[in-house]
Number of protein chains: 2
Amino acid sequence: MRLTKETVIQTAADIADKDGLGGVSLRAVAEKLAIRTPSLYNHIDNLDGLLREMAHRGMREMNARMLQAAVGRSGDAAIKAVSVAYLEYMIAHPGVYETIQWALWHGSAETAEIFEQYKSLLVKLILSCRLKNPDTGEILPLLTGFLHGYCTMQLGKAIKNPEGAVRGLEMALDTVLLGIHGTYGQG
Amino acid sequence: MRLTKETVIQTAADIADKDGLGGVSLRAVAEKLAIRTPSLYNHIDNLDGLLREMAHRGMREMNARMLQAAVGRSGDAAIKAVSVAYLEYMIAHPGVYETIQWALWHGSAETAEIFEQYKSLLVKLILSCRLKNPDTGEILPLLTGFLHGYCTMQLGKAIKNPEGAVRGLEMALDTVLLGIHGTYGQG
DNA sequence: TTTACAATACTAATCTTATTAGTTATAATA
DNA sequence: TATTATAACTAATAAGATTAGTATTGTAAA
């Protein structure tokens, strides 16, 4: 009688990072916790609920790390530091990240709220670039899209060579930011 | 005794586009075809195999449409036209696109091969930009990443407002291409 | 300290799917 | 027409999620 919801979520996250989102089943979680599958229902609503909570936990952790990375920085440097934190989280927790993407489609109002916090951080950093025409309605989707897509497509290589992947991300980001400064004006 | 593998795949694709990848089950496919579930095994290996074939079919279709969009164009204009074709396929077939992403992780050698064809097209278009330093090893991941990420994150809105989404993609792409020209040299 | 309650684990049972084995009907072909 | 391969079917098994109902135990009030 010691098991907590947090432990259940952590166990599911471990399985996801090891075997992918598809490897997460109540059966597998219960087995790892050495309890019977139905006992999990004392802690969670159902499988989808567990996955959602795992995603939320991961999103909050990502947001926290990105916030830390942004401290003391502004403009391009801040965006790059935050992006590196984003990629490093993905490398460390690919299964949780996969679950986060799943939750962006199968999520709740809470999912949307945490995602808003992420976008809100990026908006502040975009504004800190002091662009002539800081159209965050255009720049934000560009950045979030690039970040998700670039990191996702590079994840396989990134896990094998994290430093190289971080370098690659920073260079690609330099190019993207160069374009943003060109389009939206030097500050 | 008329059912063909092509019909099975098409049926699965229809379900995916309507209910998402998660909605595709042998049960659902069989029901739509008015046959019993085990009968599907006369046409496919198993569920994963069906999903993979659906993905391959979709990837080939995307490649074909992108190739058509590139005909008669070069440089930035070609990249933009191909990107629009990419987004338009996603809007028309979100479930198949979701399955394609699944297949990039759970795929076979054939999956990798079709994906190579896609990248090969983009490489040719990048080279057609006549950059001073056409480092496709850097530019290709930047472009594929941006394209996947931007379109994925905008898909919800894009389905509601396709024209607006296409415009948004083209503008974002202008910015990215501006950065690419800045970093890798005007031709 | 003892009792009552709430939390949590368990077993048993049901439902949905995927998958395999074995059988039967049929369309094409020799 | 007889043969054969194809593709449908039924029956059966296994994995998983979920629900219902029962038992146990830690906590906290009496």
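Everything numeric here is computed off the predicted structure, so don't read it as measured data. Quick note on labels: first sequence line is chain A, next is B, and so on, each numbered from 1.
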(request) Name all pairs fulfilling the salt bridge (charged side-chain N to carboxylate O under 4.0 Å, His left out) condition that reach into residues 168-181 of chain B, sequence neighbours left out, sorted by first residue then second. (result) B:K80-B:D174
(message) Run the side-chain contact (heavy atoms from CB on, under 4.5 Å) test against A:E98 and tell me which residues pass, sequence neighbours left out.
(response) A:L21
(request) Assess whether atom NZ of B:K157 is packed by more than 12 heavy atoms of other residues, nucleotides or ligands within 6.0 Å. (result) no
(message) Holding to side-chain hydrogen bond (donor to acceptor under 3.5 Å, both in side chains), I want the full list of residues that pass it with B:E113, two or more places apart in sequence or in another chain.
(response) none
(request) Check each residue of residues 41-56 of chain B for a non-hydrogen atom within less than 4.0 Å of any atom in DNA chain D, then write out the ones that pass by number, or none. (result) B:N42, B:H43
(message) Can you measure B:L40 atom CG to D:dA8 atom C1' for me and round it to whole angstrom units?
(response) 11 Å
(request) Rounded to the nearest angstrom, tell me the gap between atom NZ in A:K5 and atom P in C:dT8. (result) 11 Å
(request) Identify, with sequence neighbours excluded, every residue that meets side-chain hydrogen bond (donor to acceptor under 3.5 Å, both in side chains) alongside B:T136. (result) none
(request) Using a cut-off of strictly less than 4.0 Å, decide whether B:S39 has a side-chain nitrogen or oxygen near OP1 or OP2 of D:dC9. (result) yes
(request) Return the set of residues passing side-chain hydrogen bond (donor to acceptor under 3.5 Å, both in side chains) with A:Y86 (not counting sequence neighbours), or none when no residue passes. (result) A:Y97
(request) Identify, with sequence neighbours excluded, every residue that meets ring-ring contact (aromatic ring centres under 6.0 Å, His included) alongside A:Y184. (result) none
(request) Quickly work out the B:I35 CD1 to D:dA7 P distance and round it to whole Å. (result) 11 Å
(request) List for me each residue that meets ring-ring contact (aromatic ring centres under 6.0 Å, His included) alongside A:H56, sequence neighbours excluded, and say none if there are none. (result) none
(request) Would you mind reading off the distance between B:L3 atom CG and D:dC9 atom C1', rounded to a whole angstrom? (result) 14 Å
(message) Expected output is a numbered-order residue list: members of residues 16-30 of chain B with a heavy atom under 4.0 Å from any atom of DNA chain D. What is it?
(response) none
